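Below, chains carry the letters A, B, ... as their sequence lines are ordered, and counting in each starts from 1. Treat the numbers as computed from the prediction; the structure is a model and nothing was measured.
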2 protein chains.
Amino acid sequence: MMDNIIKKLRAARKTKGLTQSALGAKMGLPQSHISQIEAGKIDIRLSSFLEMARLLDLETMLVPRSLAPAVRSMLSGDGEEASRPAWQPDNEEKLS
Amino acid sequence: MMDNIIKKLRAARKTKGLTQSALGAKMGLPQSHISQIEAGKIDIRLSSFLEMARLLDLETMLVPRSLAPAVRSMLSGDGEEASRPAWQPDNEEKLS
DNA sequence: CATTCTTATATGTTACCACATATATTGAAT
DNA sequence: ATTCAATATATGTGGTAACATATAAGAATG
């Protein structure tokens, strides 16, 4: 479904530490509109989607279905390499 | 820009040997509308785009910009089956 | 040529996104 | 509890995609 891909936009925004207002400012849109979009309440135009993705440093790509799993596995290691250690000594207790 | 990705839809349709009418039938849309879309004359809704891609066996994916080149190179060999070597002697770019 | 297949334009109606603006709700922090 | 930040809802207008239908232009085929 489509709100799946929309949810990725929201996740990307949060990852970048942007608020809806901040993103809205970049796009020249009011925060309220960003909210509607992310909530999947409206069916935005393709150009709006592409611009929003671009502003979040995401590229929209069309992948042949047969290759999608391979691409997905490539993407599964989050965002980029320079961020978090590949693992962490699992420390079961008390993390909040 | 955006008509770039639209052009890929047209290319995919042709690759699959579908006419605008045939694709339109699958989507429940008139051929005239498909023509407008492919010509980049209208700015379609995201759901329409996603469905069109899906009917052409294409998956719409959001790829972090930093990983886009790697994904692109993965896709550069004509979108066919899984019978390609996973790997090829470092032939860096050369993209479409 | 004529005929068929494919694609491009044209016109009109309806539905709804884009946008503005305002307010409400949630949530965190002090 | 009272701010203040972030997000969610609400209302209204204008523009345009979605859709139907019709026709014209191109491109092949016989």
With respect to the phosphate group of [N], does any side-chain polar atom (N or O) of [X] fall under 4.0 Å of OP1 or OP2?
X	N	value
B:Arg13	C:dT7	yes
A:Ser35	D:dT7	no
B:Ser48	D:dA18	yes
A:Arg45	C:dC19	no
B:Arg10	C:dA8	yes

Inset, instruction - Please evaluate the base of C:dA8 for a donor-acceptor partner in the side chain of B:Gln31 within a cut-off of under 3.5 Å? - result: yes
Legend entry - Under 3.5 Å donor-acceptor pair, A:Gln20 side-chain atoms to D:dA8 base atoms: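 Between D:dA8 and A:Gln20, which were checked side chain against base, a qualifying N/O pair under 3.5 Å is absent.
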Inset, instruction - Round to the nearest Å and state the distance from B:Gln36 atom CD to D:dA18 atom P. - result: 11 Å
Contact class for [X] (heavy atom, under 4.0 Å): base, sugar-phosphate, or nothing?
X	value
A:Glu38	nothing
A:Thr19	sugar-phosphate
A:Ile34	nothing

Where the side chain of [X] is concerned, which of [options] is the nearest nucleotide?
X	options	answer
B:His33	D:dA18, C:dA18, C:dT7	D:dA18
B:Pro30	D:dT9, C:dC16, D:dT21	D:dT21
A:Ser32	C:dC19, C:dT21, D:dA17	C:dT21
A:Ile42	D:dT7, C:dC19, C:dA18	C:dA18

Inset, instruction - For the pair B:Asp43 (side chain) and A:Arg45 (backbone), establish whether a donor and an acceptor sit closer than 3.5 Å, ignoring hydrogens and angles. - result: no
Inset, instruction - Mind checking the CE-CG spacing from B:Met52 to A:Leu46? Nearest 0.5 Å is all I need. - result: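 Answer for the CE-CG pair, B:Met52 versus A:Leu46, is 11.0 Å.
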Inset, instruction - Please give the angle, rounded to 10 degrees, between the axes at the start and the end of the helix from C:dC1-D:dG30 to C:dT30-D:dA1, where five pairs define each axis. - result: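 End-to-end axis angle: 40°.
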Inset, instruction - Assess whether salt bridge (Lys or Arg N to Asp or Glu O under 4.0 Å) is satisfied between B:Glu38 and B:Arg13, documenting all intermediate values. - result: CA-CA 10 Å; B:Glu38 290 187 347; B:Arg13 175 180 60 79; 2.6 Å; yes
Inset, instruction - Indicate yes or no: at least one non-hydrogen side-chain atom of B:His33 is less than 4.5 angstrom from one of B:Ile42. - result: yes
